[in-house]
J.: 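A single structure is presented below for examination.
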Amino acid sequence: MIGRLNHVAIAVPDLQAAAAQYADVLGARVGAPQDEPEHGVTVVFIELPNTKIELLYPLGENSPIRGFLDRNPSGGIHHICYEVDDINAARDRLGAQGARVLGDGEPRIGAHGKPVLFLHPKDFNGTLIELEQV
Ligand SMILES: C[C@@H](C(=O)O)C(=O)SCCNC(=O)CCNC(=O)[C@H](O)C(C)(C)COP(=O)(O)OP(=O)(O)OC[C@H]1O[C@@H](n2cnc3c(N)ncnc32)[C@H](O)[C@@H]1OP(=O)(O)O
Ligand SMILES: [Co+2]
């Protein structure tokens, strides 16, 4: 059911510093910061030859990554995103197998303009999973 790895997301305490480090130290192709108010984050995408890295910084009062950064003040890997062909079919199949889909279960439009859903990290070996319909 899952396909390619779309991105790995890293929550960071200083978005500008992290973006500059990827550009200058690691020599990566780094995009401009993008506010995603619907998701409570500001993101910077880094294009690698085979996947993307998503740098995340909290946006607004109720950011879903606030607690994670409080627990991991120097930052850390926050989620991985797998591509799926049919996100509603994926949600229904996962729900039927007891996996918790976060939020109201309705896919939301993510940073790439495509529908996304999140699965509870406690149901997947301590890893928060994002599914994106491509
Ligand atoms: C724009 C978009 C895109 O790519 O298009 C994005 O990615 S937006 C990316 C940002 N959006 C999201 O992450 C949306 C989905 N996420 C959420 O709803 C939330 O972050 C939760 C996953 C429910 C966690 O929220 P919160 O930290 O407030 O919950 P909590 O304190 O109750 O934590 C419950 C337990 O899960 C653990 N936990 C929390 N976040 C975790 C993470 N990212 N990875 C692994 N474990 C995690 C906590 O340590 C805790 O474990 P213990 O109980 O053992 O201490
Ligand atoms: Co993401």
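This one's a predicted model, so the numbers in the text were calculated from it and none came from an experiment. Numbering of ligands and ligand atoms starts at 1, following listing order. The analysis underlying the following values was restricted to heavy atoms, covering all of them including side chains, and did not include hydrogens, waters or symmetry mates.
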J.: Examine the side chains of His78 and Glu54 and answer whether a donor and an acceptor come within less than 3.5 Å of each other.
T.: no
J.: I need the contact type for Ala111 against ligand 1. Using non-hydrogen atoms and a strict under-4.0 Å cut-off, is it side chain, backbone, both or neither?
T.: both
J.: Only heavy atoms count here, so choose which of Thr42, Thr127, Leu102 is nearest to atom 16 (N) of ligand 1.
T.: Leu102
J.: Do any heavy atoms of His7 fall under 4.0 Å from ligand 1?
T.: yes
J.: Tell me the salt bridge (Lys or Arg N to Asp or Glu O under 4.0 Å) pairs involving residues 103-114, sequence neighbours left out?
T.: Arg91-Glu106
J.: Show me which atoms of ligand 1 lie under 4.0 Å from any heavy atom of Phe118.
T.: 6 (C), 7 (O), 8 (S), 9 (C), 11 (N), 12 (C), 14 (C), 15 (C)
J.: Other than Leu102, what residues sit in its cluster of Ile, Leu, Val, Met, Phe, Trp and Tyr side chains whose heavy atoms are under 4.5 Å apart, directly or through others?
T.: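 Its cluster mates, by chain and number, are Val116, Phe118, Leu128.
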J.: Output, by chain and residue number, all protein N/O/S atoms separated from the Co ion (ligand 2) by less than 2.8 Å.
T.: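 Sorted hits: His7 NE2, Glu54 OE2, His79 NE2, Glu130 OE1.
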J.: Who gets closest to atom 31 (O) of ligand 1 by heavy atom: Glu36, His39, Arg71?
T.: Arg71
J.: Answer with yes or no whether Ala9 contacts ligand 1, where contact means a heavy atom under 4.0 Å from a ligand atom.
T.: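 Heavy atoms of Ala9 never come under 4.0 Å of ligand 1.
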J.: Answer with side chain, backbone, both or neither: which part of Glu130 has a heavy atom less than 4.0 angstrom from an atom of ligand 1?
T.: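 For Glu130, the contact with ligand 1 is made by the side chain alone.
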J.: Can you name the salt bridge (Lys or Arg N to Asp or Glu O under 4.0 Å) partners of Arg100, sequence neighbours left out?
T.: Asp123
